[in-house]
Student: 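Quick one: the structure is below, and I'll ask about it shortly.
Residue numbers begin at 1 in each chain, while the letters A, B, ... track the order of the sequences.
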Amino acid sequence: MTFARLPGTRSLRLALGAVRERTGAPGAELYVKAGNTRRIEIDPWMTPLPVDPDDLDTQVSILDERGWALRAGGANRALFLADSGPLPEPNGWRRLSRHSLRPGSLRLPSPSSGTSPSPAADLAEHEPDDEETAGLALLHGVLRRLGERMPEARLIRGRLDTGASAAVLASTTGVTGRTALRLATVELDFAASRDGRQGHCRLYRAASSLQMLSADSIASEIAERLTLATALAPPFLPAGEVAVSPALGCYLLALLAPLLRGRSGWRRLRKLGAGRPLGPPQLQIVDDGALDAGWVSAAQDDEGVPTRAVALVRDGEPGEPLLSWEDDGWSGFAAAGCRRRSGWRALPEVCHSHLYIAGGSEPAESIRAGIVHGCYLLDRAHDGQCHATFEASTNGNAGGLGEGRFEVDAIGLIIRRGVVLGEAPRVRLTGSVRQLLQGIRAIGDDLRFLPAPGAVGAPTLLLTGLQVEAIG
Amino acid sequence: MRSNANGAEQRTLLTSDVAAPADALTRLVAHGGQQFEAFFERVESVELVPKGAPNRVRQRKEQGLAVRKIENGRSRLAAADTISGPAFAACCDRVAGTARSIGTAPPRIRTGRWPALRLAEIEQAESRLTRAVNRHRVGFPMEINARRHRRHVQVIRSRVAAPPQFEEYFSLQVTTPWGVWGGLLPSLAAEDLDPVALCLVDRLRSRGLPPHRPGPGVIVLGPSAAAVLLHEVVAHALEADTLALSGSPDQVVGLKLGGPELDVVDDPRSAPLACKRSSDDEGTAAISRWLLRRGRVRQPLADLVWAERYPSMIPGAARRASRHRLPGPRTTHLELLPGAIPERELFAEAAGGLYIGEFERGNLDPFDGRCVLRAPCGRRIGASGPRDHTGPVEIRSRAVDLLAAVAAVGDRPLAGGAGWCAKDGALLPVWARCPSVRLEGLEVAD
């Protein structure tokens, strides 16, 4: 498979000239993206493990994706048009006219609003490797190792995607940008039955390359989760400390995302502290579009605005908001490149790229071992609740904002003085968002990222003041 | 080439002779156990977002193709985001694993013009819906996001080219101060917007009410709510891939799931006018498929791969979210055949019960058969039918218990309950036509 070459910025400028001439639009921007994906799906439908690789029904898809999006217009009239395939030649825009612009508005970033000239280097196009064999070997490796650890496990379905994409953009304001990334993701669903108790688990992991995904650690994680999911419910749960693993910490942080972006999020975050610090002094929450070795790391966002690390919570206090170039200078804060597109069909929207709680200095193992009487929660329960609500206050205060509450179903262990007393196949962790942040007592040193829209990262956290109850 | 089942204006995706790619596919076949198929797709969506948003009109167009090899129940698919002879030849090479698999010259493949943009009907949606709401003597602020979807599909399987398929439908998202309503509509005409207005008015009147927790009793489901219930507990439950999670899919044939009043059919040919299908996304002729006949399972939903694995299964229910996804067995247009009981009599002796007009969400756990259905509001049933509004209602029950609770089926089927089915992340439009149904002895939880 050959990777389709992206047009150069000169071609984009020629096309932009043609668009402006046809439509009369004061401004225009073109975004072109190409990518390829090799997908392996296995549907053994509850096949017992270990399974002979030849008995697996594998479905392989090789996908070439390519498309572009045009934004054109001004203060009163605008156009958004996205299409698949290569960018039309300069004379291929004849279907556009002044009537193509409809009521609406368009604003585009300019180099003066925080953008920098595009790097002169050419786009590093990825020659896709034939990763099918490696992908199948990884999946077979996971199944073999899991079969050794837990022969009663059954694979429901599995999916492995490896791919690369590259994008280029240019606008009439002089902004240009290029991004490229590679990603491998694996999503596995397993079920198991122990003493008549059914349990399920779903694992979704990502890495910059297939080689960085380890069959052994994936199999180990699945076995751990299935063992907990099929455990006997405990007669009681201690109501003390709760330590959460990096995996569950990522889900908790993802629930807080609405508080951590834009002006409205900032206002809510400021009110959340209610005169007290948001969290302990060692709490740092960061969003960094240019994170070293990050999965979606790029020097610019999808509008060509430079990315940077934004300390959303610094030393337990609100740091600075994540603002797009349109809000640059709001309340004295600087913008960062944070508008991303989910694909060539989508308009750019403010979103996080690598949102994470920075790792602390305390070894994660000592946090777990230091639990006097509490729970260590490992991951979300399969198909359980995981949501937060940030509804407006109903107490009559004009413009009052609700405190926000969250609810997450999890699997975990009951621990007393570092000793595992029992397993908890399904518990519900609830509380207010304020309690969640202010109740952080320790932050581990094992920061880990999980795929979300973008990437979300967290280390092991020790939490207090939250409610834990056994369910179902 | 024959016209599409929906009888709409003839629209052809491929203007070149389909015999050329069909011949090329036959050259790929190395032995009788292999099947090759080409899938050509063109999709357009035009979206009008509320005033004040940037880029109010958003037009997205795309077309592409996929070539698939099926052998021993395994698929190998290659897809490209363009329709052309060279792209087709490249995809053939990828699934065959050899260069120049169909010869040195790629077949000539040409596409027709895109249909005209036609924005007027989308632009009128807001004023029409506002008028429909005002007819209920209420008015409230609404932000309307209207989108028209068009999809052309042409499938060629070895020497056979299925009739080209064309679908056109609309999606609406209405944001009010007390929540968001979203759904699919076959058109933006007044008769399709009136039920939307009724849902919005019901939500207005039930705003701020606490969740409703009635005890066991009679529940009457309106046509839209009944459609969502059947989608979850009949259609999803009888998809071959769902059935395979708990055993052999063909073993459910003959199983009694409900009473004799339950006759449920999946028939893509009788979907709303512009959404009718005469063949599925694998090019197999669509059929009127009895899912339940007098409460017993007759024929699960299957595609080619599942029909190959279980010969008693009939293909024809394959659907793809896009050329980039493999097909899977899914419902298209679900029908609950009408019973003999007049609509009014469904409410007889139901005083104190609950009427649910719509469910906004439904979910079936394929492992334990538990189903959760969420309604934004309900209405208490009085002596003369539905009256006071209630807050949100959640029904949690096993699928078999829900079907067993169906005690009566109304005599007036209506189109309703259309929406996006998001199983396995593949977003597909689904349609339904149902009468109201009466459930008895079912427990309702918050």
Student: Please flag which part of A:Arg107 lies under 4.5 Å from any non-hydrogen atom of chain B: side chain, backbone, both or neither.
Tutor: neither
Student: So, B:Arg58 side chain and A:Phe80 main chain: donor-acceptor pair closer than 3.5 Å or not?
Tutor: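 Side chain of B:Arg58 to backbone of A:Phe80: no pair is present.
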Student: Looking at residues at least two apart in the chain, or sitting in another chain, which of them share a ring pair (Phe, Tyr, Trp, His ring centres under 6.0 Å) with A:Trp344?
Tutor: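 With neighbours one apart ignored, the set is empty.
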Student: With a 4.5 angstrom heavy-atom cut-off, is it the side chain or the backbone of A:Arg159 that approaches chain B, or both, or neither?
Tutor: side chain
Student: Counting only heavy atoms from other residues, nucleotides and ligands, does the tally under 6.0 Å from CZ of A:Arg22 exceed 12?
Tutor: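 Above 12, so yes.
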Student: Is B:Asp368 in contact with chain A via its backbone, its side chain, both, or neither, using a 4.5 Å heavy-atom distance?
Tutor: neither
Student: Taking every heavy-atom pair that is under 4.5 Å apart, which of A:Leu79, A:Val60, A:Leu101 has the most such pairs with chain B?
Tutor: A:Val60
Student: About how many Å separate CZ of B:Phe367 and NE2 of A:His200, when rounded to the nearest 0.5 Å?
Tutor: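 Here the interatomic distance stands at 4.0 Å.
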Student: Can you tell which part of A:Asp383 gets under 4.5 Å to a heavy atom of chain B, answering side chain, backbone, both or neither?
Tutor: side chain
Student: Name the member of A:Ala82, A:Ala78, A:Ala69 that forms the most heavy-atom pairs with chain B at distances under 4.5 Å.
Tutor: A:Ala82
Student: Any donor-acceptor pair under 3.5 Å linking the side chain of B:Ser75 with the backbone of A:Gln59?
Tutor: no
Student: Give, as side chain, backbone, both or neither, the part of B:Glu123 having an atom under 4.5 angstrom from any heavy atom of chain A.
Tutor: side chain
Student: Using side-chain heavy atoms (C-beta onward) and a distance below 4.5 Å, is A:Arg39 in contact with B:Arg325?
Tutor: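 Yes; the side chains approach each other to less than 4.5 Å.
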Student: Given that the side chain runs from C-beta out, which part of B:Leu119 has a heavy atom under 4.5 Å from chain A: side chain, backbone, both or neither?
Tutor: side chain
Student: Please report the closest heavy-atom contact between A:Gly104 and B:Arg56, naming both atoms and the distance.
Tutor: CA-CG, 4.2 Å
Student: Can you tell me how far apart OG (A:Ser105) and NZ (B:Lys51) are? Round to the nearest 0.5 Å.
Tutor: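 One finds 14.0 Å between OG of A:Ser105 and NZ of B:Lys51.
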Student: Is there a side-chain contact between A:Leu106 and B:Asn55, using heavy atoms and a 4.5 Å cut-off?
Tutor: yes
Student: At a heavy-atom separation under 4.5 Å, does B:Asp424 approach chain A through its side chain, its backbone, both, or neither?
Tutor: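 Contact with chain A involves the side chain of B:Asp424 alone.
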Student: For B:Arg60 and A:Arg345, which heavy atoms make the closest approach, and how far apart are they?
Tutor: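 Scanning both residues, the minimum pair turns out to be NE-O, 2.6 Å.
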Student: Can you find a pair of side-chain heavy atoms, one from B:Leu326 and one from A:Glu41, that are under 4.5 Å apart?
Tutor: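 The answer is yes, as the side chains (C-beta and beyond) meet within the 4.5 Å cut-off.
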Student: Salt bridge check, A:Glu65 against B:Arg323: does any charged N sit closer than 4.0 Å to a carboxylate O?
Tutor: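 Looking at B:Arg323 and A:Glu65, the cut-off is not met.
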Student: Quick one: list whatever passes ring pair (Phe, Tyr, Trp, His ring centres under 6.0 Å) with B:His236, sequence neighbours left out.
Tutor: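 Result, ring pair (Phe, Tyr, Trp, His ring centres under 6.0 Å) vs B:His236: B:His231.
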Student: Taking the basic N atoms (NZ, or NE/NH1/NH2) and the acidic carboxylate oxygens, is any pair closer than 4.0 Å for B:Arg94 and A:Asp64?
Tutor: yes
Student: Considering residues, nucleotides and ligands other than A:Glu89, do more than 12 of their heavy atoms fall under 6.0 Å from its CD?
Tutor: no
Student: Taking the side chain as C-beta and beyond, is there a heavy-atom pair between A:Asp83 and B:Gln63 under 4.5 Å?
Tutor: no
Student: With only heavy atoms counted, which part of A:Leu81 is less than 4.5 Å from chain B, the side chain, the backbone, both or neither?
Tutor: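 Both backbone and side chain.
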Student: Which bit of B:Ile83 is near chain A, if near means a heavy-atom gap under 4.5 Å: side chain, backbone, both or neither?
Tutor: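 Neither part, no heavy atoms under 4.5 Å.
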Student: Treating B:Asp81 as the side-chain partner and A:Gly85 as the backbone partner, does any N or O pair qualify as donor plus acceptor under 3.5 Å?
Tutor: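 No.
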Student: Please check if the number of heavy atoms outside A:Arg428 that lie under 6.0 Å from its CZ is greater than 12.
Tutor: yes
Student: Go through B:Leu77, B:Val57, B:Thr82, B:Val46 and name the one with the most non-hydrogen pairs under 4.5 angstrom from chain A.
Tutor: B:Leu77
Student: Using side-chain contact (heavy atoms from CB on, under 4.5 Å), reason through B:Gln59 and A:Arg102 one step at a time and then give a plain yes or no.
Tutor: CA-CA 11 Å; B:Gln59 188 184 11; A:Arg102 301 277 174 168; over 6 Å; no
Student: Hey, is B:Asp241 close enough to A:Arg157 for a salt bridge, meaning N to O under 4.0 Å?
Tutor: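 Result for this pair is no, no salt bridge flagged.
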Student: For residues A:Thr58 and B:Arg74, report the shortest heavy-atom separation together with the two atoms involved.
Tutor: O-CB, 3.5 Å
Student: Check this for me: A:His99, atom NE2, are more than 12 non-hydrogen atoms of other residues, nucleotides or ligands nearer than 6.0 Å?
Tutor: no
Student: Inspect the surroundings of CZ in B:Arg100 and state if more than 12 heavy atoms from other residues, nucleotides or ligands are less than 6.0 Å away.
Tutor: no
Student: Do A:Ile156 and B:Leu245 have side chains that approach each other closer than 4.5 Å (heavy atoms only, starting at C-beta)?
Tutor: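 Yes, side chains in contact.
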